[in-house]
Amino acid sequence: MPELPEVETIRCGIEPFIKGRRVIQVSVRTPRLRWPVPADLASRLCGQTVQGVERRAKYLLLRTEVGTLLIHLGMSGFLRILQQPQPPGKHDHADIEFAGGICLRLNDVRRFGALLWLDGDPRHHSLLADLGPEPLSAELSGDYLYQRSKGRRLAVKPFIMDSRVVVGVGNIYASESLFRAGIDPARAAGRISLARYGCLATAIRQVLQEAIAAGGTTLRDFSDQHGRPGYFAQQLQVYGRAGEPCSGCGQAIVKIQLGQRSTYFCRQCQR
DNA sequence: CCCAAGACCTGGCGGC
DNA sequence: TGCCGCCAGGTCTTGG
C-alpha cells in the first residue's frame, strides 16, 4: 500500500493527535515484523513525550527526548488513531497509547513493516544513512539524475526506484512519472539525455505532490487515519490500466516486468 | 561496484 | 465448494 504520498498523508494525519503527548503504554502483540520489535521498546518509550512526527523516505520518525521510534509500513501496513478503546482485530500488531485516551494502532497484514527504536541521531542509523535526496526537495533535479545515471545500464525505472538515488518513488509512481516524462521505462538509465532527466525530475515531483494533495492513492486496503479511503487511484494514467487506451494517443497501455515488478506504459508515447 | 534474484508474509482472485 | 498458482503498494540481503 503505502507509497510516499500515503506515508506523508498518514504523517500529517497522526501528528496533531500525538505531538506533545506522553506515552503511557506500549502493547506489542506481534513482535515478528520485518525485524523483531525490540523487547525493550515499551520501557524505552513509556513516559516519553512525542516532540514531532517526521518522515524520511517512507520511514516515519516519532521523535522523543531520548530517542526515535521508527515506523515503516511495508507493503500493507497502516496506522490509525483511536480515540475510544477498541478491541484489536486481526493483524493489529501494536498499540502506542498516550495520555488523554489516544491510541496509535499499527495494522499490517503482510508484516513487511517495522517498528524499531533508534538511539541518538536517527540520520546515522544504517537504514537512513545511505538514502538519496527527498523527491520534493530542490536536490532532485535533472542534472542530479543525469550525473547519477552515467554509465549505468540498469533500466531507468528500477534506477529511479533505488533509494540511494532518490527516495520515495515506488512502483505506482515510477510508472506514472515515466509516462508523464515520455520515457520508456526499459531504457537504460545511462542513455537518457540531461534534458529528458529534467522532464523526469519535474514529473516525479508533480506526480507525488498531486497524490499528496489528493490524500494518497487507494489500492485494496488503504485507509487514512480516520478509516476513510483515499481517492487518487482514478487519476492514475497507466498503472493498473493494461489494455486500456492511452490518454495521449489511444493505443493500448501495456504491462511488462522490469526488475521483478509490474510496469505499465504506452509504447507510442514513451521512447 | 553493478545488477538480478531471493527473501520476508498474508490474502484475494481466476481457473479448473 | 475446494484447491492451486499467481499476484500485490517495499526494500534489505545475497550471490554472481
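C:dC4 is paired with B:dG14 under the Watson-Crick or G-U wobble criterion, all donor-acceptor distances under 3.5 Å. Base pairing of B:dC2: its partner is C:dG16, meeting the Watson-Crick or G-U wobble criterion (both donor-acceptor distances under 3.5 Å).
Between A:Lys58 and the phosphate of C:dG9, there is no side-chain N or O to OP1/OP2 separation shorter than 4.0 Å. Between B:dC1 and A:Arg152, no contact under 4.0 Å exists linking OP1 or OP2 to a side-chain N or O. Taking only side-chain nitrogens and oxygens, A:Lys90 never comes nearer than 4.0 Å to OP1 or OP2 of B:dC9. For the pair A:Arg153 and B:dC2, the criterion of a side-chain N or O lying under 4.0 Å from OP1 or OP2 is not met.
For A:Lys255, taking side-chain heavy atoms from C-beta onward, the closest of the listed nucleotides C:dC12, C:dG9, C:dA8 is C:dA8. The side chain of A:Glu3 approaches C:dG9 more closely than any other nucleotide in the set B:dG11, C:dG9, C:dC12.
Put simply, the side chain of A:Leu104 does not reach to within 4.5 Å of the side chain of A:Leu82, judged on heavy atoms. Put simply, the side chain of A:Gln270 reaches to within 4.5 Å of the side chain of A:Leu178, judged on heavy atoms.
Nearest-nucleotide assignment on DNA chain B puts the 5′-proximal partner with A:Gln260, out of A:Gln260 and A:Arg110. For the pair A:Arg34 and A:Arg111, nearest-nucleotide mapping onto DNA chain B gives the more 5' position to A:Arg34. Nearest-nucleotide positions on DNA chain C place A:Ser262 closer to the 5' end than the other of A:Leu131 and A:Ser262.
Between the C1' atom of B:dA5 and the CG atom of A:Asp162 lies a distance of 15 Å, rounded to the nearest Å. Between the OH atom of A:Tyr173 and the P atom of C:dG9 there is a distance of 12 Å, given to the nearest Å. Here the C1' atom of nucleotide C:dC12 and the CG atom of A:Leu73 are 17 Å apart, to the nearest Å. For A:Phe78 and B:dT10, the CZ to C1' distance is 14 Å, given to the nearest whole Å. At whole-Å resolution of the value, CD1 in A:Ile160 and C1' in C:dT11 are 16 Å apart. Nucleotide C:dT11 holds its P atom 15 Å from the CG atom of A:Leu33, rounded to whole Å. Between the CD1 atom of A:Ile172 and the P atom of C:dG9 there is a distance of 7 Å, rounded to whole Å. Atom NE2 of A:His91 and atom P of B:dC8 are 18 Å apart (whole Å).
In this structure, the side chain of A:Ser177 does not engage the main chain of A:Ser175 through any donor-acceptor pair within 3.5 Å. Looking at A:Glu176, its side chain does come within 3.5 Å of a backbone N or O of A:Val238 through a donor-acceptor pair. Formation of a donor-acceptor pair under 3.5 Å by the A:Tyr146 side chain with backbone atoms of A:Arg196 is not found in this model.
When heavy atoms are screened at a 4.0 angstrom cut-off, A:Arg164 is found touching no nucleic acid atom at all. At the heavy-atom level, A:Arg32 lies nowhere under 4.0 Å from the strands shown. Within the nucleic acid shown, A:Tyr59 comes within 4.0 Å of sugar-phosphate atoms alone, with no base atom in reach, counting heavy atoms only.
Separation of the P atoms belonging to B:dG6 and C:dC6 is 14 Å when rounded to the nearest angstrom.
The salt bridge (Lys or Arg N to Asp or Glu O under 4.0 Å) pairs that include a residue from residues 114-136 of chain A are A:Arg44-A:Asp119, A:Arg55-A:Glu134, A:Arg56-A:Glu134, A:Asp121-A:Arg123, where partners are two or more places apart or lie in different chains.
Taking a centre distance below 5.5 Å and an interplanar angle below 30 degrees as the stacking criterion, A:Phe112 does not stack against the six-membered base ring of C:dT11.
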